[in-house]
There are 2 protein chains.
Amino acid sequence: MSIETTSLSKSERTRRAILEAAYSLFLDQGYHATSMRQIASKAGLALGGIYNHFGSKEEIFTAIFTEKHPYHQIVPLIAASEGETVEDFTHNAAHALVDALGHHPDLLNLMLIEIVEFKGKHVPKLFDSIFPKIMEIGTRFNRFNGQVRPIPIPLLMRAFLGMFFSYYITEIMLAGLMPSGTQEESLDTFADIFLNGVKRQF
Amino acid sequence: MSIETTSLSKSERTRRAILEAAYSLFLDQGYHATSMRQIASKAGLALGGIYNHFGSKEEIFTAIFTEKHPYHQIVPLIAASEGETVEDFTHNAAHALVDALGHHPDLLNLMLIEIVEFKGKHVPKLFDSIFPKIMEIGTRFNRFNGQVRPIPIPLLMRAFLGMFFSYYITEIMLAGLMPSGTQEESLDTFADIFLNGVKRQF
DNA sequence: CCTACCGATCGGTAGG
DNA sequence: CCTACCGATCGGTAGG
């Protein structure tokens, strides 16, 4: 952010400020509970000024949803993970993810907002740009031929991503309430379960 | 609903009507996008009438969250599932759940609304009433001594519930977008992965 | 990009 | 339980 910002046009910088402000407010309060006035105030301009950059409140959300969706961080990270065996790869990918997402489960909130407040209506458009990358990861698993049980690649990918969703969601819902050790241990266990779950048995 | 309703006092019937109306509206639109006027209209009374039964909009949500939370359906179903082996038990529980929840993933929405729009602030109170039941299920897994790898019971329960969350969430996000076979096949695969994941290897 | 404004709708209440 | 109303706030716009 620091390097880029200085080289952006003033209009572009304002646009980013609006997106950043709206992004953090949406994560914190959800979409409908966030007002255009809050966004304007946090972005440092008057209410009316927003409409020079976005046509409506929903247009702001759409821009955020497609530009800042965690998929854009998650998928490349997984794709960049290394490992000769399924074990290595799964663990590396799992930890790269959690390291990068920090322990900020609210990154998932963008997706949850989309489900709760928009009934997933923006998903199809986003999906088009992401599907190829997901299948790319699928081929990574294919390379571990014989190490993985015969599960259709799309389902395997769904389960792999699902592992993270379930980790984060149960963390949000149960964090601190269940006596379940540290977060790292929990993730390791989740990764282990997935790993043993997809591995071919000998 | 049919048998009970007739034996309830008029006031109690109105209360239920309000809860039912609000429930379906919340699932459909989320909390902040649903107005008290919509709830009143759908429940068949005037706006002011609601306040004879609930002190505020949030009080309605709190009542719904604690009374109609899917946990109340999920946990007993799992507890009632049978099976001599971990395999049988896991599969029976998984299918009992999906049969009962129908294929209505939006039942999960209550929980997602709580996360997105309330930041989980009602969870602790709900958790108190549910924790014992969850641990009860944990002891079920304990009975399968030697069949399951040594995973702390709370973590095992978290992973088990997480399996369903991830199934439903990925279904919402990817349903129809990914070429991944029927829903039943997908659930079976999810259950299989969990099962092989927690099973002790021989 | 701001000021000043629009009509609409919000949650909630008084008074009967 | 309804009618009629409250002040506050909403998303959005005109005009400069």
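Quantities reported herein were computed from a predicted structural model and do not represent experimental measurements.
In this structure, CD1 of B:I18 is placed 10 Å from C1' of D:dC1, rounded to the nearest angstrom. Atom pair B:Y51:OH and C:dA14:P shows a separation of 12 Å (rounding to whole Å applied). In this structure, the CG atom of A:L45 is 11 Å from the P atom of C:dT3, given to the nearest Å. One can place CD1 of B:I39 at 10 Å from P of C:dG12, the figure rounded to the nearest angstrom. Across the protein-nucleic acid pair, A:N52 atom CG and D:dA14 atom P stand 13 Å apart, rounded to whole Å. Summarising the geometry, the separation between CD1 on B:I50 and P on C:dG11 is reported as 9 Å, rounded to the nearest angstrom.
Pair check for C:dG15 finds D:dC2; Watson-Crick or G-U wobble, both atom distances under 3.5 Å.
A tilted orientation is assigned to the rings of A:F144 and A:F89, their planes being inclined by 30° to 60°. Between B:H69 and B:F65, the angle of the ring planes goes over 60°, which puts this pair in the perpendicular group of the 30/60° scheme.
Cation-pi contact between A:K57 and A:Y31: present, with separation from the ring centre below 6.0 Å and deviation from the ring axis of at most 45°.
Between C:dC1, D:dT3, D:dC1, one nucleotide has an atom nearer to the side chain of A:T14 than all others, and that is C:dC1.
Using modelled atom types and a 3.5 Å distance limit, the side chains of A:H122 and A:E58 yield a donor-acceptor pair.
Counting heavy atoms from C-beta on, the side chains of A:R15 and A:I18 never come closer than 4.5 Å.
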Please list each protein N or O that sits under 3.5 Å from an N or O in nucleotides 5-10 of chain D, with the distance.
from	atom 1	to	atom 2	distance (Å)
D:dC10	OP1	A:S35	OG	3.4

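B:K119 has a carboxylate O that lies under 4.0 Å from a charged side-chain N of A:D28, or vice versa, which qualifies the two as a salt bridge.
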